[in-house]
Amino acid sequence: MILLSSSGLWAFSTLIGASGVWALWPIPASLETGTSALTLPSSFTVDVAVPNAPWDLVQAVAQTQSYLENDKLGRLVVGRGANDSNAIQNGTPLSGLKLTLAEGSQVSSISSEAVKPLGNRSEEYTLIIPQDGSQATLTANSTLGLYRGLTTFTQLWYYYDGVIYTLLSPIKIVDKPAYSYRGFALDTARNYFPVPDLTRTLDAMSWVKLNMFHWHITDSQSFPLQVSLYPELADNGAYSPKEVYSESDVQYIVSYAAARGIDVLLEIDTPGHTAVIGTSYPDYVACLDASPWATYANEPPAGQLRFAVPEVVNFAASLLSSIAQNLVSKYFSTGGDELNTNCYVNDTVTQQQLNHTGMTLNAALNTFTQATHGALIAQGKTPVVWEEMVLNWNLTLSNETIVMVWISSADAAAVVEKGFRIVQAPSDYFYLVSSLHPVLSVTTTLNQQDCGAGAWLGNDSAGNSWCDPFKTWSESYTFDPLANLTEAQYPLVLGGEQLLWTEQSGPQNLDPIVWPRAASSAEIFWSARQPSGAPLNVSEALPRLQDIRYRMVQRGVNAIQLQPQWCALRPHACDLDA
């Protein structure tokens, strides 16, 4: 189609045409492109026309310029851009990019915008790049929106023979996310991940516009988090003094994430997944190190908080409150998954307490949850829980509580039926690697391990995965967040996340396990559909995902290959029907 603008006639194509593959991921809500070449000369500048520009916006601009200069990504075609030489030579230099906020917008830092309540974060932006070389413009209602637009801008450019260029001008992008929650969850308790691994992961998350880092920081196996009020937890519960996240580490990661438009949702899973607390407070934990562990827990070691005991209730509320008070996020997860009732049935202390008070186990759990959530709410936090807290137990939860659906995508309907907002994290689509299933029998549990990775338990030669097959990016990409819900229930879906439980993962394989697979849900929850309105399509998406994968590698992330490079350089040549 032909559109008239102040720069003259712009010839736009709404399709990704013969000019080749490009790396816009996630795909924008609206995009229009042409077929003219633009280059980025050494004189190219970014004009931050924002009054009293916040430090992190200035940092984001410097980061953008660094990516533009150093990505040096050859276009994914045969010859890696050699056939673009004539177009490049005749390309028009782009003079610069101007950043502005819409009239009346308040100037706040990216970091402060990133941790606003879900639904209050303004991430939309408009990017216009004329073909005549005149200044491109990026406009948004917030610095966070400008950051998202800068991320898109960096994906438009390729490199050949010393020249940075695009073949798609003029370009107009009007973009905003379909869902407010777009996350990635990482377990740092089964195995420890140094801070640089976390910051590199946050960088990669920002490149695909993920905005929630769900940090499952403690579990039964280790307690690597230093808590000033309870220093013994890390002293006794970390794998070693070097495998600890200090309070300053946590603050650094939270600040690093926020400057990249990412909120950190910290999780201290309770009352299950807490055996390690018994190394400091043995009287607070039932069935501590009980054997056989599979009778009392879904993973070794056995041990769960004695939530029926008032002293334990007070301890848990105090612990969560003392951690939450130092976090800027409005959200905090108390977990609540995989409670093993055998542990409490066979625990003398718990049974004596229940008999003394006349309470049921469910009533005691309700009291415990009321106390822990109450402590968080007093800190201004919204509690987040796993689905069992709603579906398996009769608890009184605040209507504001957010529920993560993980056991099966089929469970979403039952949770929203109760009126709770949900985050879609179903194991049948989004588990990059997984822990054990809570509803399996003991004998079955012993043979059910990580998704597609085989057994990790010893003496289990037949072990496989309860959530097989391996969750490929393309399988995840077919997920429908609104399946089996009524239109009236759609607003209860905040978004979703992919998750890495680390029984078989560590710093050595973090990048290839996560990337680019985790980018699949980034597009589901940012884009929801193609710009044309058509559903997301694996065949259309693959060449773009290839591109962002190659760009990740250029930036130091060891993202796994999706195909032989022969296929990557010949989009769709390796399709089954090619």
Short side-chain donor-acceptor distance under 3.5 Å, [Y] and [X]:
{"X": "Glu124", "Y": "Asn141", "value": "yes"}
{"X": "Ser220", "Y": "Glu299", "value": "no"}
{"X": "Trp386", "Y": "Glu267", "value": "yes"}
{"X": "Ser240", "Y": "Glu243", "value": "yes"}
{"X": "Lys116", "Y": "Ser122", "value": "no"}
{"X": "Ser246", "Y": "Ser248", "value": "yes"}
{"X": "Thr502", "Y": "Asn191", "value": "no"}
{"X": "Tyr165", "Y": "Asp84", "value": "yes"}

### Query
Taking all non-hydrogen atoms of both residues, which atom of Thr199 and which atom of Tyr256 are closest, and how far apart?
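Shortest heavy-atom separation between Thr199 and Tyr256 comes out as O-CE2, 3.5 Å.
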[Y] six-ring face occupied by [X] cation (under 6.0 Å, within 45°):
{"X": "Lys471", "Y": "Tyr431", "answer": "no"}
{"X": "Arg75", "Y": "Tyr160", "answer": "no"}
{"X": "Arg551", "Y": "Trp207", "answer": "no"}

### Query
Just wondering, more than 12 heavy atoms not from Lys330 lying within 6.0 Å of its NZ?
yes
### Query
What do you reckon, is CZ of Arg80 surrounded by more than 12 foreign heavy atoms closer than 6.0 Å?
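Buried by this count: over 12 neighbours within 6.0 Å.
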#### Entry: side chain to side chain donor-acceptor pair (under 3.5 Å) partner of Lys209, the single match among Thr151, Thr152, Asp175
Thr152
### Message
By the definition side chain to side chain donor-acceptor pair (under 3.5 Å), identify the one residue from His273, Glu503, Arg190 that meets it with Gln221.
### Response
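Considering His273, Glu503, Arg190, a side chain to side chain donor-acceptor pair (under 3.5 Å) with Gln221 is found only for Arg190.
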### Query
Distance-only, no hydrogens or angles: does the Arg517 side chain make a donor-acceptor pair with backbone N or O of Trp473 under 3.5 Å?
no
### Message
Strictly distance-based, threshold 3.5 Å: is any side-chain N or O of Arg544 a donor or acceptor partner for the main-chain N or O of Leu24?
### Response
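Between the backbone of Leu24 and the side chain of Arg544 there is a qualifying donor-acceptor contact (under 3.5 Å).
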### Query
According to the interplanar angle, ranging from 0 to 90°, do the rings of Phe44 and Phe153 count as parallel (below 30°), tilted (30 to 60°) or perpendicular (above 60°)?
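Ring orientation of Phe44 relative to Phe153: parallel.
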### Query
Using 4.0 Å as the upper bound for N to carboxylate O, is an ion pair formed by Asp203 and Arg200?
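Looking at Asp203 together with Arg200, the answer is no, because their closest N to O distance does not fall below 4.0 Å.
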